[in-house]
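The next block holds one structure in the form of structure tokens; read it before the comments.
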Amino acid sequence: MSELTKAYEPAVVEDRLYQWWTESGIYAANPASPKPGFSIVIPPPNVTGVLTLGHVLNNTIQDILARRARQQGFEVLWLPGTDHAGIATQTVVERQLKKEKKLTRHDVGREDFLKLVWEWKEKHGGIIINQLKKLGCSCDWARERFTMDEAYARKVQEVFVDLYAKGLIYRGKRMVNWCPVSRTALSDEEVIPKPQKGFLYYFQLEVIEEPGTFLEIATTRPETIMGDTALAVNPNDPRYARLIGKHVLRPLPTEERSPIPIVGDDAVDFDFGTGVLKVTPAHDKADYEIGQRHSLPIIDIMNPDGTLNDLAGDGFAGLDRFEARVEAVERLKELGILTREEPYENTVGFSERADVPVEPRLSEQWFLKYPKTAEAKAAVKDGLIRFFPDRWEKVYDHWLENIQDWCISRQLWWGHRIPVWTIEGNTDAANLKCQIESPGEGWVQDSDVLDTWFSSWLWAHETMDAKTLAKFYPTSVLVTGPDIIFFWVARMIMAGLEYTGEVPFREVVFTGIIRDKQGRKMSKSLGNSPDPLDLIAKFGADGLRFGLLRIAPQGQDIRFDENQIVEGRNFCNKLWNACRFRAMQGPLDPQASPRDHDLPLFCADMLGRLDETIRNVDEAYTSHRFSEVAQALYDFVWGDFCDRFIETAKADFFGEGGPRREATLAAMDFAISRILRLLHPFTPFVTEELWQGLGFGQGATIQLAEWPTPAGFPILPECENAFAALSAARTARSNYNIPSNQKLNWQLQVSQDWVIGELTALASLLNAKEIEVVTAPPEELSATVPTTIGTFYLPLGGLVDVEAECTRLEGEINKVDLEISKVRGKLASTTFVQNAPAEVVDEHRSREAGWIARRETLDAAVRGLRG
RNA sequence: GCGCGGUUAGCUCAGUGGUAGAGCACUGCCUUGACACGGCAGGGGUCACAGGUUCGAACCCUGUAUCGCGCACCA
């Protein structure tokens, strides 16, 4: 296959190979297989999603695990699919409807709107799946699932009914997080706290029973005054305690200034503001609780869309909450009771999806008391599930410790409908039936749908049929971002324990978050998120995968830099060309057995380093340190295999041939076969193309080629010495400003016998005309390069300016003197000599000896030059 | 406020007790029969700061600064 192109061209390779792979059926997981099972369920991306670098990282890791497991002889299931993503998808379709037809979902009605969403899903829902294929993901595509597949949807309903029957699901009127844009309740996890700059407004009210006594109140939300039903002070606050039980006149709405009581409540912080709190039970969680304790009335002054309603009074009704704030301040000013306003920064909860402040709102919702929380905690604590990195265990634990009931109902249309029925017009709890099918005529189903995560939390097991479960459940590993540890990971563990009696996965690998070069999160609005498909087009899927994985240390955030992907591409090209070089030497032997040859030292050494690389790689895999795997392979391929081994092998290949050439070829074929297999999980395309092109598989895919194991070759120290010696000789050449293409006659006074046998190789590596073995330093002007394998002499006749060279050497002598004094200082320290381990002291002694030798060499060189 | 993570070369990052590393960028030489997406050589770092432990600290301990992320918050 000497017709390999000069550079690797991924574009022409990837689609062809991917099609071959999927058609070959290799990704189809067989539950009846005698092989041990290995399984992963994909974290289902939103159907609305397009591939991001986060997905690339996450799915490449899963693909690496799946591919390696296949090579190791496991029956692999990587189960793909997408999530219906309630709010996100509904919003996308609503936006489209508005844009194209100027209609809202209410204009078209629930049924027709859902038809539109399904149409949208059929049309666009496959985008991200196709993008994953471009990346090379080896999923079992025939098993692709969607969280609203019929069977899956049924399971979601069954689980609801079951949890209801167990008394874990209940309906209640509670304070919830309300998104005025999406007009639905949200779970606590969907609320993102953000610091906001605003004002703290102070106003004062006169105590009715004590004319002349004023209470000053501080608030950030004057627009809720109309909903106030009390003031609260701390009963232990000496300033105000005596006023408890008395009243003030609520200043707004102006047309109905009712008296409200002053209550005493421990929740009031004396030190904040004035120590007097206005209590708005309908619009603040803490106030609601105070209201409950004091049986205060609740006045809800807001509409679901965040505008104020009639209860807010004239001038407020119909205003948006933020407009109302301005208006309320105006009114307070008019009343002459606004005492001051101070700039103030506080934290406000924002809706994750709509990115607007969430409104605490009292509403009737469905809640879940989580099942199996103690077991879920224990599963991680006892090591049934291992987290990588393990620091996330603490976060997980803390959340479970402080777990709150989950608000699972959403006032949306797109999602799993709540399987609860009531007789029309009678929502009484006694007349409520929780079941999947309608109880009959006159019964209407709850109009709400379930939180998307209430379906995703069943993903690990409800995506599998009974046979598949038996073979592949619990899954081996879950790969996901730490941002959904509560949303998904923790909940899946609880659902798994409740419905399968087992943990859903044995290990969880948390990836880092990909940021831009400034450390900011990737986001559409910032425009700092490169399109992975562009990167694939430019650098190849393998280049992207390898480049990204190499800089993604376990669980650490990553600053993305396109240069890293360039390096990934370059690496693939390097590998390609190393193989191309091999192909030029004639046909290769897929079964090459270097043990059957008398191996040159450098070959044996390279094979020893390959063994070590395999050991390091396997070790890194045990704790999912993928960047270390990538780096180890990069270093071996580029440094040991290409720079050292191939360069040395050239002397054999371009020489006379014979057994030495055969031995080197065998070592090379043996190594390439392993390199390709080791790299395959990271760079599937280029390795398969080379595997086929070089004839290793004889038509069979590399994907099932056995994972390599060490072959028992040791690393040879004399080789390390030889390369260090060559480096020293080349440094000397460079220091004398001799162009590297100038072929010189070197001389070498050898100190080790084996060197004689490697002179041709050494000459090739030095680009020397020849290396002449001498027994004494030459007469003519030469640079002297002492090394562990002997002393090189570089003829300088006519090549250097003697004076300039002496000056340079003297400069170097000064540096060496400095090093000598450092080491001697160390050795003169009695504490060091007495207490350090003997080998450390010896190391310093030999270091000292090395520097002294270096110094003598330099002295000799100067003496030699000056003649 | 509590918890977690980061701070190492111009840049992106490795490196958990024994002479500070890689890639990119930079400088010089080289298009030598795999690769210029390349080769060889080189310059460049008081490892955020201050204490401590140790013969020895980038690494362990304590504290500080700073950036980021969670969690909980006071109107």
Review point. What integer distance in Å separates E393(A):CD from G3(B):P?
Key: 18 Å
**Study point:** Which nucleotide in C74(B), U12(B), G23(B) has an atom nearest any side-chain atom of D561(A)
**Key:** U12(B)
**Study point:** Rounded C1' spacing from G6(B) to U64(B) in Å
**Key:** 16 Å
Practice item. Answer with base, sugar-phosphate or nothing: what part of the nucleic acid does R569(A) contact at a heavy-atom distance below 4.0 Å? Key: base
Study note, to complete from the structure: Taken to the nearest whole Å, CD1/I192(A) to P/G70(B) is 7 Å
Point to revise | Interatomic distance at P, A22(B) relative to C61(B), whole Å | key: 28 Å
Point to revise | Donor-acceptor pair present, K574(A) side chain and C35(B) base, under 3.5 Å | key: yes
Point to revise | Value in whole Å for how far the P atom of U32(B) lies from CG of L766(A) | key: 18 Å
Study note, to complete from the structure: Using Watson-Crick geometry (N1-N3 plus N6-O4 or O6-N4) or G-U wobble (N1-O2, O6-N3), each under 3.5 Å, C71(B) is paired with G1(B)
Check your understanding: Which part of the nucleic acid, if any, lies within reach of K650(A) when heavy atoms closer than 4.0 Å are counted: base, sugar-phosphate only, or nothing?
Key -> base
Exercise for review: Consider only side-chain N and O atoms of T683(A) and D542(A), and report whether a donor and an acceptor are under 3.5 Å apart.
Suggested key: no
Review point. How is L277(A) classified with respect to the nucleic acid when contacts are heavy atoms under 4.0 Å: base, sugar-phosphate, or nothing?
Key: base
Practice item. Give the rounded distance in Å between these two atoms: CZ of R559(A) and P of A14(B). Key: 11 Å
**Study point:** Closest nucleotide among C40(B), A75(B), G70(B) to the N346(A) side chain
**Key:** A75(B)
Point to revise | Of the listed nucleotides G15(B), A41(B), C24(B), the one nearest the side chain of R730(A) | key: A41(B)
Check your understanding: Under the criterion side chain to side chain contact (heavy atoms under 4.5 Å, CB included), which of V276(A), L277(A), V268(A) is the partner of N234(A)?
Key -> V268(A)
**Study point:** Residue mapping more 5' on RNA chain B - nearest nucleotide basis, I558(A) or A728(A)
**Key:** I558(A)
Point to revise | Between G42(B) and A9(B) - C1' atom distance, rounded Å | key: 15 Å
Check your understanding: With rounding to whole Å, what would you report as the distance between G39(B) and A34(B) at their C1' atoms?
Key -> 12 Å
Review point. Counting only side-chain N and O atoms of Y396(A), is one of them less than 4.0 Å from OP1 or OP2 of G70(B)?
Key: no
Review point. Among the nucleotides A41(B), A75(B), C40(B), which one has an atom lying closest to any side-chain atom of S727(A)?
Key: A41(B)
Exercise for review: Could you state the atom-to-atom distance from CH2 of W576(A) to P of G38(B) in whole Å?
Suggested key: 17 Å
Check your understanding: Taking the six-membered ring for Trp, is the centroid-to-centroid distance between W638(A) and Y634(A) below 6.0 Å?
Key -> yes
Practice item. Please step through salt bridge (Lys or Arg N to Asp or Glu O under 4.0 Å) for the pair E770(A) and K743(A), ending with a clear verdict. Key: CA-CA 8 Å; E770(A) 66 167 323; K743(A) 290 190 177 279; over 6 Å; no
Point to revise | Modelled atom types, side-chain donor and acceptor of Q631(A) and R550(A), under 3.5 Å | key: yes
Review point. Taking W399(A) as the fixed residue, which of W392(A), W406(A), F486(A) is the one that meets the ring pair (Phe, Tyr, Trp, His ring centres under 6.0 Å) rule?
Key: F486(A)
Point to revise | Gap in Å between the two C1' atoms, one belonging to G44(B) and one to A20(B), rounded | key: 13 Å
**Study point:** Between C47(B) and U8(B) - P atom distance, rounded Å
**Key:** 11 Å
Check your understanding: Do the side-chain N and O atoms of N741(A) and N767(A) include a donor-acceptor pair separated by under 3.5 angstrom?
Key -> no
Review point. Tell me: CD of Q742(A) to P of A41(B), nearest whole Å?
Key: 18 Å
**Study point:** Selected nucleotide, minimal atom distance to F272(A) side chain, candidates C37(B), C74(B), G70(B)
**Key:** C74(B)
Practice item. Identify the nucleotide, in any strand shown, that forms a Watson-Crick or G-U wobble pair with A34(B), with both distances under 3.5 Å; if there is none, say none. Key: none
**Study point:** Sugar-phosphate, base or nothing in reach of D287(A), heavy atoms under 4.0 Å
**Key:** nothing
Check your understanding: Have T339(A) and E216(A) got a donor and an acceptor in their side chains that come within less than 3.5 Å?
Key -> yes
Review point. G39(B), G3(B), A34(B): which one has an atom nearest the side-chain heavy atoms of F654(A)?
Key: A34(B)
Point to revise | Nucleotide of C35(B), C40(B), A75(B) approaching N573(A) most closely (side-chain heavy atoms) | key: C35(B)
Point to revise | Candidates C30(B), G23(B), G5(B) - which lies nearest the side chain of P739(A) | key: C30(B)
Review point. Using a cut-off of 4.0 Å on non-hydrogen atoms, how would the nucleic acid contact of N741(A) be classed: base, sugar-phosphate, or nothing?
Key: sugar-phosphate
Review point. When you match K743(A) and S734(A) each to their closest nucleotide on RNA chain B, which lands nearer the 5' end?
Key: K743(A)
Check your understanding: When the P atoms of G10(B) and C49(B) are considered, how many whole Å apart are they?
Key -> 14 Å
Review point. Contact class for F641(A) vs. all strands (heavy atom < 4.0 Å): base, sugar-phosphate, or nothing?
Key: nothing
Exercise for review: Give the ring-plane orientation class for Y344(A) versus F272(A), where under 30° counts as parallel, over 60° as perpendicular and anything between as tilted.
Suggested key: perpendicular
Review point. Out of C37(B), A22(B), G70(B), which has the shortest distance to the side chain of Q631(A)?
Key: A22(B)
Practice item. Just call it for F539(A): base, sugar-phosphate, or nothing, with non-hydrogen atoms closer than 4.0 Å on any strand. Key: nothing
**Study point:** Watson-Crick or G-U counterpart of C49(B), or none if no pair lies under 3.5 Å
**Key:** G63(B)
Check your understanding: Within the structure shown, what part of the strands sits under 4.0 Å from C579(A) by heavy-atom distance: base, sugar-phosphate, or nothing?
Key -> nothing
Practice item. Look at the side chain of E647(A) and the base of A34(B), then say whether one donor and one acceptor between them are separated by less than 3.5 Å. Key: yes
Check your understanding: In whole angstroms, how far is the C1' atom of C73(B) from the CD atom of Q196(A)?
Key -> 16 Å
Review point. Across the strands shown, which category fits T274(A) at heavy-atom distances under 4.0 angstrom: base, sugar-phosphate, nothing?
Key: nothing
Point to revise | Who pairs with G23(B) - Watson-Crick or G-U, where each distance is under 3.5 Å | key: C11(B)
Point to revise | For C55(B), the Watson-Crick or wobble partner whose two distances fall under 3.5 Å | key: G18(B)
Check your understanding: Does a side-chain N or O from N737(A) land closer than 4.0 Å to OP1 or OP2 of G28(B), or not?
Key -> no
Review point. In terms of side-chain heavy atoms of T731(A), which of A22(B), G42(B), G38(B) is nearest?
Key: G42(B)
Exercise for review: Let me know the distance between CD of Q564(A) and C1' of U12(B), rounded to the nearest Å.
Suggested key: 5 Å
Practice item. Write down the distance separating the C1' atoms in C40(B) and U31(B), rounded off to the nearest Å. Key: 14 Å
Practice item. Examine the base of C73(B) for any acceptor or donor lying under 3.5 Å from a partner atom in the side chain of T347(A), and report the outcome as yes or no. Key: yes
Practice item. Check the side chains of T280(A) and K278(A) for a donor-acceptor pair under 3.5 angstrom, ignoring hydrogens and angles. Key: yes
Review point. Can a side chain N or O of K394(A) be found less than 4.0 Å away from OP1 or OP2 on G3(B)?
Key: no
Practice item. Determine: side-chain N/O of W638(A) to OP1/OP2 of G39(B), distance under 4.0 Å, yes or no. Key: yes
